[in-house]
Protein chains: 2
Amino acid sequence: MKNQPIPNRALDLVGILRGEGLRITPQRIAICRALTGRHDHPTAQNLYDELRSDFPTISLTTVYQTLDTLSRLGAITSLGRAGDDTIHYEVNTEPHINLVCRDCNQIFDLPSQGIRLLEQEVRQKLGIAAPQGKVVYYVHCNDHVDLHHSNENPRENHGENHDE
Amino acid sequence: MKNQPIPNRALDLVGILRGEGLRITPQRIAICRALTGRHDHPTAQNLYDELRSDFPTISLTTVYQTLDTLSRLGAITSLGRAGDDTIHYEVNTEPHINLVCRDCNQIFDLPSQGIRLLEQEVRQKLGIAAPQGKVVYYVHCNDHVDLHHSNENPRENHGENHDE
DNA sequence: TTCTTATTAGTAATCATTACAATATAATAA
DNA sequence: TTATTATATTGTAATGATTACTAATAAGAA
């Protein structure tokens with residue numbers, strides 16, 4: 001698996017690291033690939049568990065560090081600790097609302113037109129080209145059965161070569 | 001100080017507790033008053049430190065519990081861990097954007113029209129009357145010197161009887 | 001290939017928050 | 001007012017995700 005081709009989206013993340021003059025290591029490639037293969041909001045531990053089967057020597061610390069690096073570069077977004085006490089990340093760069101369930105701690109993406117306007121407002125007021133931020137609302141997913149289906153559709157396929 | 005009149009806004013918070021059938025204790029009153037006396041985004045420890053001079057026996061656990069209670073009731077908002085590793089709360093219920101400085105961890109309120117529209121969108125899409133949520137964008141406050149003044153104006157005075 | 005230095009791995013330390021249990025007290029009714 | 005009882009408070013101990021640290025490794029440049 002380690003020698004499989006790298007999906008475009010993962011290449012994007014790797015390219016961001018390279019653009020910063022950071023070293024491209026097998027660990028970082030694996031983490032970028034794992035990130036882009038997900039449509040949920042993984043934690044460092046989630047990714048570590050997933051990666052270990054293909055990459056038994058990877059360390060949890062490396063996963064933490066790489067996520068922090070990518071996050072500070074704006075390549076991914078840290079949602080902070082959501083309900084449970086762990087930091088969740090997301091790769092979905094499309095503007096959207098994150099719905100956090102107060103009961104089960106799951107996070108659901110809700111597409112939003114309002115966010116686009118909000119980002120525009122932030123860009124204008126702060127003079128930032130690409131603002132980093134997060135929008136979170138709390139729900140009880142049992143009250144919104146439809147939410148359970150909202151994360152099932154993989155993000156639109158940009159023509160990447162799938163490696164699974 | 002413990003026997004001073006309670007400002008209206010603090011009475012609001014106390015009233016919410018009472019409305020839930022919870023007991024009105026001197027600790028809870030003190031915490032509600034401390035919360036409403038602030039125009040920043042205090043942590044449990046911040047409030048504990050402030051309260052101890054007037055209320056030497058109050059415990060940190062009580063502050064944590066009361067903040068959690070008020071937060072779950074929607075009376076205040078938890079901003080989660082902002083930059084530093086501590087949970088910040090806010091009493092400002094006016095819709096606004098929270099700007100978190102990546103350098104100094106300060107949090108600045110930015111009034112926003114877009115948030116109103118966003119909340120309306122959430123209300124409509126989820127059928128929730130008063131959505132609980134938070135909107136956070138990250139900045140570097142040194143790039144935005146004007147931010148340092150944005151929290152200086154106390155929230156508009158609603159006619160409460162000041163007790164300081 | 002060699003060299004330099006960033007990165008990784010493994011473990012130990014941190015520390016905000018939560019859990020717990022004994023004590024105190026708010027609220028209710030007699 | 002007093003008794004009653006469930007809730008709240010306190011102080012301390014436990015938790016556990018994240019970070020700090022250091023030796024060993026390996027990416028990238030020459």
Side-chain angles (χ1 to χ4, degrees), chain A residues 2-3 6 13-32 34 41-49 51-52 54-73 76 78-89 102 105, chain B residues 2-3 6 13-32 34 41-49 51-52 54-73 76 78-89 102 105:
Chain A
K2 248 191 268 184
N3 297 316
I6 304 169
L13 294 182
V14 171
I16 290 172
L17 294 172
R18 183 176 286 119
E20 292 291 316
L22 299 173
R23 292 183 181 171
I24 307 309
T25 65
Q27 290 89 339
R28 283 177 171 169
I29 293 173
I31 291 165
C32 290
H41 304 77
T43 65
Q45 185 72 52
N46 292 154
L47 293 165
Y48 176 62
D49 293 341
L51 288 165
R52 258 205 299 191
D54 285 334
F55 207 138
T57 63
I58 203 169
S59 92
L60 183 55
T61 300
T62 298
V63 179
Y64 269 108
Q65 285 174 338
T66 301
L67 290 174
D68 183 62
T69 300
L70 288 169
S71 174
R72 277 187 295 101
L73 292 175
I76 61 177
S78 165
L79 288 178
R81 320 207 181 193
D84 54 1
D85 200 44
T86 54
I87 296 176
H88 292 255
Y89 289 88
R102 286 216 140 112
N105 295 326
Chain B
K2 248 190 270 187
N3 297 314
I6 305 170
L13 294 182
V14 171
I16 289 172
L17 294 172
R18 183 178 285 117
E20 292 290 315
L22 299 172
R23 292 185 179 169
I24 307 308
T25 64
Q27 290 89 339
R28 283 176 171 170
I29 293 172
I31 292 164
C32 290
H41 303 78
T43 66
Q45 185 72 51
N46 292 155
L47 293 165
Y48 176 62
D49 292 341
L51 288 165
R52 259 203 300 191
D54 286 335
F55 207 140
T57 64
I58 202 168
S59 92
L60 182 55
T61 300
T62 298
V63 179
Y64 270 109
Q65 286 173 340
T66 302
L67 290 174
D68 183 63
T69 300
L70 288 168
S71 175
R72 276 187 295 103
L73 293 174
I76 62 177
S78 165
L79 288 178
R81 320 205 182 193
D84 54 2
D85 200 45
T86 54
I87 295 175
H88 292 254
Y89 289 89
R102 286 216 140 112
N105 295 325

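Within every chain, numbering begins at 1; the chains are lettered A, B, ... in the order of the sequence lines, protein sequences first and strands thereafter. Values reported hereafter were calculated over all heavy atoms of this structure, with side chains retained and with hydrogens, waters and symmetry mates removed.
Counting to the nearest Å, the P atom of D/dA26 and the CD1 atom of A/I58 are 14 Å from each other. Look at CZ on B/F55: it is 15 Å from C1' on D/dG11, rounded to the nearest Å. Atom CD1 of A/I24 is separated from atom P of D/dA29 by 11 Å (rounded to the nearest Å). Protein atom CD1 of B/I87 is 14 Å distant from nucleotide atom C1' of D/dT18, rounded to whole Å. For the pair A/I31 CD1 and C/dT7 C1', the interatomic distance rounds to 11 Å; values are reported in whole Å. Rounded to whole angstrom, the span from the OH atom of B/Y64 across to the P atom of C/dC15 amounts to 13 Å. When rounded to the nearest whole Å, the span between CG of B/L67 and C1' of C/dA16 equals 13 Å. Straight-line distance from the CD atom of B/E20 to the P atom of D/dT7: 14 Å, rounded to whole Å.
Within the 3.5 Å criterion, the main-chain N or O of B/H41 finds a donor-acceptor partner in the side chain of B/H88. B/R28 contributes a side-chain N or O that, together with a main-chain N or O of B/R23, makes up a donor-acceptor pair within less than 3.5 Å.
Atom CG of B/L22 is separated from atom CG of B/L73 by 6.5 Å, given to the nearest 0.5 angstrom.
Among all heavy-atom pairs drawn from B/V63 and B/A44, the shortest one is CG1-O, 3.6 Å.
Note on A/Q65: every side-chain N or O is 4.0 Å or more away from OP1 and OP2 of C/dA6. Residue B/Q27 places at least one side-chain N or O under 4.0 Å from the OP1 or OP2 atom of D/dT10.
Each of B/D68 and B/R18 lies near DNA chain C, and the nucleotide nearest B/D68 is the one positioned closer to the 5' end.
Within the nucleic acid shown, B/T62 comes within 4.0 Å of at least one base atom, counting heavy atoms only.
Residues A/D68 and A/S71 have side chains that never bring a donor and an acceptor to within less than 3.5 angstrom of each other.
The base of C/dT7 has none of its N or O atoms less than 3.5 Å from a complementary donor or acceptor on the side chain of A/R23. Not a single donor-acceptor pair, N or O on each side, falls under 3.5 Å between the base of D/dA8 and the side chain of B/R28. With hydrogens and angles ignored, a donor-acceptor pair under 3.5 angstrom links the side chain of A/T61 to the base of C/dT11.
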